[in-house]
Amino acid sequence: LAKTTQPISMDSYEGQEVNITCSHNNIATNDYITWYQQFPSQGPRFIIQGYKTKVTNEVASLFIPADRKSSTLSLPRVSLSDTAVYYCLVGDWGATNKLIFGTGTLLAVQP
Amino acid sequence: GAGVSQSPRYKVAKRGQDVALRCDPISGHVSLFWYQQALGQGPEFLTYFQNEAQLDKSGLPSDRFFAERPEGSVSTLKIQRTQQEDSAVYLCASIKAGQGEQYFGPGTRLTVT
């Protein structure tokens with residue numbers, strides 16, 4: 001399973017777009033990139049998953065360059081309720097379901 | 001519909017006591033996972049069930065940790081002779097089929113004094 005590196009923390013203000021980048025230099029051919037969000041006293045919640053290029057859903061976009069050695073989670077127009085820890089995970093979900101979390105990025109959104 | 005539920009939400013145990021933590025996965029979900037999350041850290045994998053079969057227990061930190069899922073639905077994580085280093089949040093997650101998005105419960109916060 002590929003190791004991931006992401007910033008420990010980020011600050012933003014309400015209404016701004018936030019981009020959190022994750023590096024995964026050793027990503028394997030069969031690996032997918034998945035992002036989870038965790039609020040205090042709650043379990044992690046799936047946000048988005050992708051393999052290459054760009055994926056968008058109702059809450060976020062995921063940008064993956066051609067070499068797949070990094071990925072960027074983009075949160076449009078954040079609000080105070082987006083304050084949470086964001087985890088980037090990489091793995092071959094067909095081979096193993098074991099999720100390997102790093103320490104994540106604590107996003108603090110200020111008014 | 002109902003999500004993954006865990007009980008109790010909080011548990012305080014004296015060192016040396018045994019504890020049992022319960023997980024009710026989403027109805028019909030085949031796969032169930034347990035994770036341990038220490039303060040300020042990401043969750044760490046403990047064990048994985050597919051139906052009643054425990055397919056991976058490589059993350060269990062010691063033989064004091066034991067998990068079961070006898071009827072392929074509810075699961076119990078048991079910790080014998082608890083130690084202070086067992087203090088953590090224990091998370092349960094389930095998946096409908098063999099792979100896909102994991103749905104997490106709120107966790108049980110265990111404090112060993």
List, by chain and number, the other hydrophobic cluster members for B:Phe65, where Ile, Leu, Val, Met, Phe, Trp and Tyr join if side-chain heavy atoms come within less than 4.5 Å, directly or indirectly. B:Val19, B:Leu21, B:Leu32, B:Trp34, B:Leu46, B:Phe49, B:Leu60, B:Leu77, B:Ile79, B:Tyr90, B:Leu110, B:Val112
For atom CZ of B:Arg15, decide whether the heavy atoms of other residues, nucleotides or ligands shown that lie under 6.0 angstrom number more than 12. no
Can you get from A:Ile47 to A:Val55 by hopping between Ile, Leu, Val, Met, Phe, Trp and Tyr side chains that sit under 4.5 Å apart? yes
Please classify the contact of B:Tyr103 with chain A as side chain, backbone, both or neither, using a heavy-atom distance under 4.5 Å. neither
Heavy atoms, side chains only, cut-off 4.5 Å: are A:Gln38 and B:Gln37 in contact? yes
Test item: B:Tyr35 and A:Phe101 side chains (from C-beta on) under 4.5 Å apart, heavy atoms: yes
Check: A:Leu99 and B:Phe33 side chains under 4.5 Å, non-hydrogen atoms: no
Heavy atoms of other groups near A:Tyr13 OH, more than 12 under 6.0 Å: no
Assess whether atom CD of B:Glu71 is packed by more than 12 heavy atoms of other residues, nucleotides or ligands within 6.0 Å. no
For the student: nearest non-hydrogen atoms of A:Pro44 and B:Leu91, plus distance: CD-CD1, 3.9 Å
Please confirm whether the backbone N or O of B:Gln102 pairs with a side-chain atom of A:Tyr36, one donor and one acceptor, at under 3.5 Å? yes
